[in-house]
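Reviewing the structure listed below.
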There are 2 protein chains.
Amino acid sequence: MEKLDSSKYALHAKILKALAHPTRLFIVDALGKKEHCVCELTQMIGADTSTVSKHLSLLKNAGIVGIEKRGTNVYYTLKIPCALNFLRCSREVMEASLAEQIKAIRKQ
Amino acid sequence: MEKLDSSKYALHAKILKALAHPTRLFIVDALGKKEHCVCELTQMIGADTSTVSKHLSLLKNAGIVGIEKRGTNVYYTLKIPCALNFLRCSREVMEASLAEQIKAIRKQ
DNA sequence: TGGTTATTTGGCAATATAGCCAAAGATAAA
DNA sequence: TTTATCTTTGGCTATATTGCCAAATAACCA
């Protein structure tokens with residue numbers, strides 16, 4: 001096992017942190033189906049454009065999404081399809097976790 | 001696709017957030033090999049016991065680890081082995097991301 | 001019981017994050 | 001150039017997170 005202070009864990013954490021927000025998960029999910037410009041995503045999400053833009057910039061920084069400018073629009077694409085496996089996997093974690101919590105509640 | 005305000009994304013994000021810290025990734029990695037008590041993890045990590053305990057409690061809350069008390073020790077175990085697939089997957093994301101960044105630097 | 005070790009919890013300060021508004025940049029059309 | 005649209009950035013406040021110390025709790029042993 002690598003040492004804690006090695007960069008491995010920090011880099012891992014950075015990727016996970018980038019994905020660890022409901023809005024950003026929604027964005028990754030949407031981009032997994034097709035590219036979208038900021039204005040489309042803004043409408044789907046229903047937040048301020050600047051807020052959505054900042055989420056996108058965060059995802060771009062983590063290398064998860066990429067951009068393509070066309071006219072005045074900026075289209076975002078999912079660069080790492082593996083991120084979707086991530087989500088599938090996290091669903092399993094989530095469901096196992098929920099099942100456990102339900103069991104715990106019933107025990108009371 | 002589900003709506004943004006559905007609980008799906010929030011629950012996903014909660015799991016990811018729980019994993020999104022270098023120390024907690026280290027812990028999950030370590031517990032993937034064998035159970036450990038708090039004192040062992042504390043020594044490996046080199047932080048205050050209370051800090052490690054709080055990280056563990058956070059992971060427990062997310063349903064990722066479980067505990068077994070033996071004597072005065074509390075042994076933590078990885079409850080969701082899928083979390084390790086997570087890490088493998090995130091490694092791919094990370095490596096793809098790094099490769100991209102290196103490419104970007106060379107372009108300058 | 002009292003003492004010892006292991007763990008958790010409360011409290012605090014430093015730092016990071018999220019989301020809004022307003023302003024600045026960028027691009028295209030008139 | 002002016003205008004309009006799309007996007008990003010700066011600034012701000014509210015909130016959350018992290019990590020340490022100190023104190024409380026738990027379990028065992030003498």
Side-chain angles (χ1 to χ4, degrees), chain A residues 4-5 9-28 30-31 34-77 104, chain B residues 3-5 7 9-28 30-31 34-77 104:
Chain A
L4 171 56
D5 63 351
Y9 294 105
L11 285 166
H12 259 115
K14 191 185 154 196
I15 305 280
L16 289 164
K17 215 164 157 184
L19 290 169
H21 189 285
T23 300
R24 294 195 291 270
L25 288 180
F26 177 90
I27 290 171
V28 168
L31 297 184
K34 70 184 196 72
E35 64 169 23
H36 286 288
C37 65
V38 182
C39 53
E40 288 169 341
L41 291 168
T42 296
Q43 189 154 33
M44 296 187 219
I45 291 164
D48 195 274
T49 313
S50 68
T51 300
V52 174
S53 175
K54 279 178 185 174
H55 281 303
L56 287 165
S57 141
L58 203 152
L59 286 169
K60 183 153 67 81
N61 256 316
I64 295 164
V65 304
I67 65 170
E68 193 185 324
K69 297 185 182 186
R70 287 208 296 279
T72 57
N73 295 304
V74 178
Y75 285 87
Y76 279 82
T77 55
Chain B
K3 282 188 208 159
L4 172 56
D5 63 351
S7 60
Y9 295 104
L11 283 167
H12 261 113
K14 192 185 153 196
I15 305 281
L16 289 165
K17 215 164 159 186
L19 289 169
H21 189 286
T23 300
R24 294 195 290 271
L25 288 179
F26 177 90
I27 289 170
V28 168
L31 297 184
K34 70 183 197 71
E35 65 167 22
H36 284 288
C37 63
V38 182
C39 54
E40 286 169 342
L41 291 168
T42 297
Q43 190 154 34
M44 295 188 220
I45 290 164
D48 195 273
T49 312
S50 68
T51 300
V52 175
S53 175
K54 277 177 185 172
H55 281 303
L56 287 165
S57 140
L58 203 153
L59 286 170
K60 183 153 68 85
N61 255 317
I64 295 164
V65 303
I67 65 170
E68 194 185 320
K69 297 187 183 186
R70 289 208 295 279
T72 55
N73 295 303
V74 177
Y75 285 87
Y76 280 81
T77 55

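Note on naming: letters A, B, ... go to the chains in the order of the sequence lines (proteins, then strands), and numbering restarts at 1 for each one.
- Taking every heavy atom of residues 50-59 of chain B and every atom of DNA chain C, pairs under 4.0 Å involve B:S50, B:S53, B:K54, by number.
- The side chain of B:C39 lies closest to C:dA6, out of C:dC21, D:dT7, C:dA6.
- Atoms CG (B:L41) and P (C:dT8) sit 11 Å apart, rounded to a whole Å.
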Inset, instruction - Using the side-chain contact (heavy atoms from CB on, under 4.5 Å) rule, take A:R70 and A:Y75 through it: C-alpha gap first, then chi angles, then the decisive distance, then the call. - result: CA-CA 7 Å; A:R70 287 208 296 279; A:Y75 285 87; 3.7 Å; yes
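- The heavy-atom pair separating B:H36 from B:L41 by the smallest distance is CB-CG, 3.7 Å.
- Distance B:I67 CD1 to D:dA27 C1': 14 Å, rounded to the nearest Å.
- An OP1 or OP2 oxygen of D:dA16 is reached within less than 4.0 angstrom by no side-chain nitrogen or oxygen of B:K17.
- Listed for the B:R24 side chain is a donor-acceptor partner under 3.5 Å among the backbone atoms of B:A18.
- Contact check, A:R70 against D:dC6: no side-chain N or O comes under 4.0 Å of OP1 or OP2.
- For B:E68 and C:dT7, the CD to C1' distance is 16 Å, given to the nearest whole Å.
- Distance, B:I45 CD1 to C:dT7 C1': 14 Å, rounded to whole Å.
- Side-chain nitrogen and oxygen atoms of A:H21 include at least one within less than 4.0 Å of the OP1 or OP2 phosphate oxygen of C:dG19.
- A heavy-atom distance below 4.5 Å is not found between the side chains of A:V38 and A:N73.
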Inset, instruction - Kindly indicate, with the supporting measurements, whether the criterion side-chain contact (heavy atoms from CB on, under 4.5 Å) is fulfilled by B:T49 and B:C39. - result: CA-CA 7 Å; B:T49 312; B:C39 54; over 6 Å; no
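- When each of B:Y75 and A:A20 is assigned the nucleotide of DNA chain C bearing its nearest heavy atom, the one mapping closer to the 5' terminus is B:Y75.
- Following rounding to the nearest Å, A:D48 (CG) and D:dT8 (C1') show an atom-to-atom distance of 12 Å.
- In this structure, A:F26 atom CZ and C:dG19 atom P are separated by 14 Å, rounded to whole Å.
- Phosphate contact (OP1/OP2 of C:dT5, side-chain N/O of B:N73, threshold under 4.0 Å): absent.
- As a whole-Å value, the separation of A:I27 CD1 from C:dG19 P is 10 Å.
- Here the C1' atom of nucleotide C:dA28 and the NZ atom of A:K69 are 14 Å apart, to the nearest Å.
- Relative to the side chain of A:V74, the nucleotides C:dA28, C:dT7, D:dT8 differ in distance, and D:dT8 lies closest.
- Distances shown here put every side-chain N or O of B:Y76 at or beyond 4.0 Å from the OP1 or OP2 atom of C:dA6.
- The side chain of A:T49 approaches D:dT8 more closely than any other nucleotide in the set D:dT8, D:dA16, C:dC21.
- For the pair A:L25 and B:L16, the minimum side-chain heavy-atom distance is below 4.5 Å.
- Using cut-offs of 30° and 60° on the angle between ring planes, the pair B:H55 and B:H21 is tilted.
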